J.: 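Take a look at the following structure, please.
Numbering starts at 1 and runs along the sequence shown. Computed over heavy atoms, backbone and side chain alike; hydrogens, waters and symmetry mates excluded. Nothing here was measured: the structure is a model prediction, and the numbers come from that model.
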Amino acid sequence: MILIDWKTHFLSGAVAGYALTGQVKGAVIGGIAGILPDIDEPRSKIGRPFFFVSIPLNQVFGHRTLTHSLLLVGGLWFILQPFTEWANVIVIGLLVHIAGDMLTGKGQFLWPLPFSLGIPVGDFGYVLVDRTVRLALVALIIWYGWGYVDVWINQFV
(Lines give C-alpha, C1' and ligand atoms only; values in the text may rest on other atoms or scores of the structure.)
Protein backbone atom coordinates (compact mmCIF):
# COMPACT_ATOMS: atom_id res chain seq x y z
CA MET A 1 0.00 0.00 0.00
CA ILE A 2 1.33 3.43 -0.92
CA LEU A 3 0.99 5.91 1.90
CA ILE A 4 -0.72 9.19 1.15
CA ASP A 5 1.90 11.78 0.38
CA TRP A 6 1.90 14.32 3.19
CA LYS A 7 3.39 17.05 0.97
CA THR A 8 0.32 17.13 -1.25
CA HIS A 9 -1.99 17.15 1.76
CA PHE A 10 0.00 19.98 3.34
CA LEU A 11 -0.01 22.01 0.12
CA SER A 12 -3.73 21.54 -0.46
CA GLY A 13 -4.52 22.57 3.12
CA ALA A 14 -2.17 25.55 2.85
CA VAL A 15 -3.70 26.76 -0.41
CA ALA A 16 -7.21 26.35 1.01
CA GLY A 17 -6.25 28.13 4.24
CA TYR A 18 -4.69 31.00 2.33
CA ALA A 19 -7.66 31.23 -0.04
CA LEU A 20 -10.00 31.44 2.94
CA THR A 21 -8.02 34.04 4.91
CA GLY A 22 -5.59 35.76 2.56
CA GLN A 23 -2.97 35.36 5.29
CA VAL A 24 0.22 33.32 5.59
CA LYS A 25 -0.91 32.25 9.07
CA GLY A 26 -4.06 30.83 7.47
CA ALA A 27 -1.87 28.91 5.02
CA VAL A 28 0.25 27.44 7.81
CA ILE A 29 -2.78 26.44 9.91
CA GLY A 30 -4.54 25.02 6.85
CA GLY A 31 -1.41 23.09 5.87
CA ILE A 32 -1.05 21.55 9.32
CA ALA A 33 -4.76 20.70 9.38
CA GLY A 34 -4.27 19.16 5.93
CA ILE A 35 -2.00 16.44 7.33
CA LEU A 36 -3.85 15.85 10.63
CA PRO A 37 -6.35 13.20 9.45
CA ASP A 38 -3.45 10.81 8.87
CA ILE A 39 -2.77 10.76 12.61
CA ASP A 40 -4.58 7.39 12.41
CA GLU A 41 -1.73 5.88 10.38
CA PRO A 42 1.42 5.12 12.47
CA ARG A 43 3.66 5.19 9.36
CA SER A 44 2.47 8.64 8.22
CA LYS A 45 4.45 11.87 8.60
CA ILE A 46 2.18 13.02 11.46
CA GLY A 47 1.65 9.52 12.88
CA ARG A 48 5.32 8.74 13.52
CA PRO A 49 6.03 11.53 16.04
CA PHE A 50 2.61 11.09 17.62
CA PHE A 51 2.79 7.28 17.74
CA PHE A 52 1.22 7.30 21.21
CA VAL A 53 -1.96 8.64 19.57
CA SER A 54 -1.53 7.06 16.16
CA ILE A 55 -1.10 3.43 17.17
CA PRO A 56 -4.18 3.24 19.43
CA LEU A 57 -6.30 5.13 16.85
CA ASN A 58 -5.22 2.71 14.14
CA GLN A 59 -5.77 -0.37 16.29
CA VAL A 60 -9.25 0.70 17.38
CA PHE A 61 -10.59 2.37 14.23
CA GLY A 62 -8.20 1.63 11.35
CA HIS A 63 -7.09 4.09 8.67
CA ARG A 64 -9.46 6.45 6.85
CA THR A 65 -12.31 5.97 9.30
CA LEU A 66 -12.87 8.23 12.33
CA THR A 67 -10.22 10.84 11.50
CA HIS A 68 -11.43 11.04 7.91
CA SER A 69 -15.09 11.42 8.80
CA LEU A 70 -17.63 14.18 8.49
CA LEU A 71 -18.66 13.38 12.06
CA LEU A 72 -15.21 14.29 13.43
CA VAL A 73 -14.81 17.34 11.18
CA GLY A 74 -18.25 18.68 12.12
CA GLY A 75 -17.65 17.93 15.79
CA LEU A 76 -14.32 19.76 15.76
CA TRP A 77 -15.87 22.75 14.03
CA PHE A 78 -18.67 22.83 16.60
CA ILE A 79 -16.18 22.65 19.49
CA LEU A 80 -13.59 25.07 18.09
CA GLN A 81 -15.90 27.72 16.61
CA PRO A 82 -16.54 29.59 19.88
CA PHE A 83 -12.86 29.55 20.89
CA THR A 84 -10.88 30.41 17.80
CA GLU A 85 -11.24 32.45 14.65
CA TRP A 86 -9.26 29.72 12.89
CA ALA A 87 -11.92 27.00 13.20
CA ASN A 88 -12.99 27.44 9.56
CA VAL A 89 -9.39 27.18 8.38
CA ILE A 90 -8.84 23.99 10.37
CA VAL A 91 -12.02 22.46 8.99
CA ILE A 92 -11.19 23.38 5.39
CA GLY A 93 -7.72 21.83 5.81
CA LEU A 94 -9.28 18.62 7.10
CA LEU A 95 -11.87 18.57 4.32
CA VAL A 96 -9.35 19.03 1.49
CA HIS A 97 -7.36 16.15 2.95
CA ILE A 98 -10.45 13.94 2.93
CA ALA A 99 -11.35 15.04 -0.62
CA GLY A 100 -7.81 14.26 -1.77
CA ASP A 101 -7.98 10.81 -0.23
CA MET A 102 -11.31 10.18 -1.92
CA LEU A 103 -9.65 10.92 -5.29
CA THR A 104 -7.07 8.20 -4.70
CA GLY A 105 -8.95 5.56 -2.74
CA LYS A 106 -11.85 4.88 -0.46
CA GLY A 107 -12.50 6.16 3.04
CA GLN A 108 -15.36 6.12 5.51
CA PHE A 109 -16.34 9.77 5.10
CA LEU A 110 -19.69 8.99 6.71
CA TRP A 111 -18.19 6.92 9.56
CA PRO A 112 -19.59 5.23 11.64
CA LEU A 113 -21.73 4.06 8.71
CA PRO A 114 -20.06 0.88 7.44
CA PHE A 115 -19.41 1.84 3.81
CA SER A 116 -16.62 3.65 2.03
CA LEU A 117 -16.69 6.41 -0.55
CA GLY A 118 -14.03 7.26 -3.09
CA ILE A 119 -12.32 6.20 -6.27
CA PRO A 120 -9.97 3.20 -5.97
CA VAL A 121 -7.27 3.98 -8.51
CA GLY A 122 -4.46 1.53 -7.72
CA ASP A 123 -0.80 2.40 -7.22
CA PHE A 124 -0.20 3.93 -10.67
CA GLY A 125 -3.40 5.97 -10.51
CA TYR A 126 -2.51 7.17 -7.03
CA VAL A 127 0.91 8.39 -8.15
CA LEU A 128 -0.55 10.04 -11.24
CA VAL A 129 -3.30 11.87 -9.30
CA ASP A 130 -1.01 12.81 -6.40
CA ARG A 131 1.74 14.26 -8.60
CA THR A 132 -0.73 16.08 -10.89
CA VAL A 133 -2.49 17.70 -7.94
CA ARG A 134 0.82 18.63 -6.30
CA LEU A 135 2.14 20.22 -9.50
CA ALA A 136 -1.11 22.14 -9.96
CA LEU A 137 -0.93 23.42 -6.38
CA VAL A 138 2.69 24.50 -6.78
CA ALA A 139 1.82 26.23 -10.07
CA LEU A 140 -1.05 28.01 -8.33
CA ILE A 141 1.23 29.14 -5.51
CA ILE A 142 3.83 30.40 -7.98
CA TRP A 143 1.19 32.14 -10.10
CA TYR A 144 -0.34 34.00 -7.17
CA GLY A 145 3.00 34.45 -5.42
CA TRP A 146 4.52 36.05 -8.52
CA GLY A 147 1.66 38.52 -8.62
CA TYR A 148 2.50 39.62 -5.08
CA VAL A 149 6.22 39.82 -5.85
CA ASP A 150 5.45 41.90 -8.94
CA VAL A 151 3.31 44.33 -6.90
CA TRP A 152 6.02 44.57 -4.24
CA ILE A 153 8.76 45.25 -6.84
CA ASN A 154 6.65 47.89 -8.58
CA GLN A 155 6.39 49.81 -5.30
CA PHE A 156 10.14 50.45 -5.45
CA VAL A 157 10.59 50.98 -9.18
Side-chain angles (χ1 to χ4, degrees), residues 1-138 140-141:
M1 175 180 122
I2 293 180
L3 288 177
I4 301 306
D5 201 318
W6 72 273
K7 292 174 238 133
T8 305
H9 283 314
F10 183 87
L11 279 172
S12 61
V15 167
Y18 187 82
L20 195 61
T21 65
Q23 299 177 32
V24 172
K25 187 174 181 181
V28 172
I29 292 169
I32 293 168
I35 63 172
L36 278 179
D38 281 338
I39 192 82
D40 66 358
E41 173 53 61
R43 297 174 296 162
S44 70
K45 190 68 160 180
I46 191 80
R48 284 191 303 262
F50 294 101
F51 64 90
F52 51 91
V53 174
S54 183
I55 291 171
L57 268 174
N58 189 274
Q59 288 175 343
V60 173
F61 299 103
H63 183 51
R64 290 187 177 183
T65 58
L66 171 66
T67 63
H68 290 68
S69 71
L70 189 58
L71 179 68
L72 181 74
V73 173
L76 279 175
W77 182 84
F78 185 76
I79 291 167
L80 294 174
Q81 190 66 30
F83 301 106
T84 178
E85 63 187 84
W86 300 102
N88 292 341
V89 176
I90 294 167
V91 165
I92 199 73
L94 297 171
L95 288 173
V96 296
H97 176 107
I98 294 166
D101 278 357
M102 290 171 73
L103 287 174
T104 59
K106 291 188 171 195
Q108 286 185 269
F109 182 61
L110 298 174
W111 183 91
L113 297 178
F115 61 89
S116 298
L117 300 170
I119 305 166
V121 294
D123 291 351
F124 177 75
Y126 161 78
V127 171
L128 182 65
V129 170
D130 180 68
R131 298 312 183 268
T132 303
V133 169
R134 188 179 320 162
L135 285 172
L137 290 167
V138 169
L140 187 65
I141 291 167

J.: Test side chain to side chain contact (heavy atoms under 4.5 Å, CB included) on His9 and Asp101; report intermediate values, then the result.
T.: CA-CA 9 Å; His9 283 314; Asp101 278 357; 3.0 Å; yes

J.: Give the minimum heavy-atom separation between Ser54 and Gly47, together with the two atoms involved.
T.: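 Result for this residue pair: CB-O, 3.5 Å.
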
J.: Between Leu137 and Ser12, is any pair of side-chain heavy atoms under 4.5 Å apart?
T.: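 Yes - at least one pair of side-chain heavy atoms lies under 4.5 Å apart.
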
J.: Let me confirm one number: the CH2-CG distance from Trp6 to Leu11, rounded to the nearest 0.5 Å.
T.: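 Rounded to the nearest 0.5 Å, the CH2-CG separation comes to 8.5 Å.
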
J.: Verify, without hydrogens or angle tests, whether Ser69 (side chain) and Leu66 (backbone) share a donor-acceptor contact under 3.5 angstrom.
T.: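 Yes: the side chain of Ser69 pairs with the backbone of Leu66.
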
J.: I'd like to check the side-chain hydrogen bond (donor to acceptor under 3.5 Å, both in side chains) partners of Gln81; sequence neighbours left out, ordered by chain and number.
T.: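 Trp77.
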
J.: Determine, step by step, whether Ile35 and His97 satisfy the side chain to side chain contact (heavy atoms under 4.5 Å, CB included) criterion, reporting the C-alpha distance in whole Å, the side-chain angles of both residues, the deciding distance to 0.1 Å, and the verdict.
T.: CA-CA 7 Å; Ile35 63 172; His97 176 107; 5.5 Å; no

J.: Decide yes or no for Arg131 and Asp5: does some side-chain heavy atom of the first lie under 4.5 Å from some side-chain heavy atom of the second?
T.: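 Counting from C-beta outward, Arg131 and Asp5 do come under 4.5 Å.
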
J.: Please answer whether the main-chain N or O of Leu110 pairs with a side-chain N or O of Gln108 as donor and acceptor at a distance below 3.5 Å.
T.: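 It does not hold such a pair.
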
J.: To the nearest 0.5 Å, what is the distance between CG on Leu113 and CG on Leu70?
T.: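 If I round to the nearest 0.5 Å, the distance is 10.5 Å.
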
J.: Just jot down the side chain to side chain contact (heavy atoms under 4.5 Å, CB included) partners of Leu128, sequence neighbours excluded, or say none.
T.: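 Partners of Leu128 under the side chain to side chain contact (heavy atoms under 4.5 Å, CB included) test: Phe124, Thr132.
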
J.: Quick one: side chain to side chain contact (heavy atoms under 4.5 Å, CB included) partners of Ile39, sequence neighbours excluded?
T.: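 Here the qualifying residues are Ile46, Phe50, Val53, Leu57, Thr67.
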
J.: Quick one: CD1 on Ile55 to CD on Glu41, what's the gap to the nearest 0.5 Å?
T.: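 It is 10.0 Å, given to the nearest 0.5 Å.
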
J.: Are side-chain N/O atoms of Asn58 and His63 paired as donor and acceptor at under 3.5 Å?
T.: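 No, because no side-chain N or O of Asn58 sits under 3.5 Å from a partner of the opposite role on His63.
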
J.: Using side chain to side chain contact (heavy atoms under 4.5 Å, CB included), reason through Lys25 and Thr21 one step at a time and then give a plain yes or no.
T.: CA-CA 8 Å; Lys25 187 174 181 181; Thr21 65; over 6 Å; no

J.: Kindly write out the residues that satisfy ring pair (Phe, Tyr, Trp, His ring centres under 6.0 Å) with Trp111, not counting sequence neighbours, or none if the list is empty.
T.: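 With neighbours one apart ignored, the set is Phe61.
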
J.: Looking at every heavy atom in both Pro49 and Phe52, which two are closest together, and how far apart are they?
T.: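 Looking at all heavy atoms of both residues, the shortest contact is O-CE2, 3.7 Å.
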
J.: Taking CZ in Phe83 as the centre, count heavy atoms belonging to other residues, nucleotides or ligands within less than 6.0 Å. Is the count above 12?
T.: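 Counting other residues, nucleotides and ligands, CZ of Phe83 stays at 12 neighbours or fewer.
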
J.: Nearest heavy-atom pair of Gly93 and Val96: which atoms, and what distance?
T.: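 For Gly93 and Val96, the tightest heavy-atom pair comes out as O-CG2, 3.3 Å.
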
J.: Drop me the distance from Leu72's CG to Leu76's CG, to the nearest 0.5 angstrom.
T.: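 Here the rounded value is 4.5 Å.
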
J.: For Leu135, what residues pass the side chain to side chain contact (heavy atoms under 4.5 Å, CB included) criterion, not counting sequence neighbours?
T.: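 Residues passing side chain to side chain contact (heavy atoms under 4.5 Å, CB included) with Leu135: none at all.
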
J.: Compare all side-chain heavy atoms of Arg64 with those of Phe109 and state whether any distance is below 4.5 angstrom.
T.: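 Result no, sub-4.5 Å side-chain heavy-atom pair not found.
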
J.: Please lay out, stage by stage, how Lys45 and Asp38 fare under the test salt bridge (charged side-chain N to carboxylate O under 4.0 Å, His left out).
T.: CA-CA 8 Å; Lys45 190 68 160 180; Asp38 281 338; over 6 Å; no

J.: Identify the heavy atoms of Leu71 and Pro112 that sit nearest to each other, and give their distance.
T.: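 Where Leu71 meets Pro112 most closely, the heavy atoms are CD2-CD, 4.1 Å.
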
J.: In Å, rounded to the nearest 0.5 Å, how long is the span from CG of Leu103 to CD1 of Ile98?
T.: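 The CG atom of Leu103 sits 12.5 Å away from the CD1 atom of Ile98.
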
J.: To the nearest 0.5 Å, what is the distance between CD on Gln59 and CG on Asp40?
T.: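 The CD atom of Gln59 sits 12.5 Å away from the CG atom of Asp40.
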
J.: Residues in side chain to side chain contact (heavy atoms under 4.5 Å, CB included) with Val121, at least two apart?
T.: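 Val121 satisfies side chain to side chain contact (heavy atoms under 4.5 Å, CB included) with Thr104, Ile119, Tyr126 only.
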
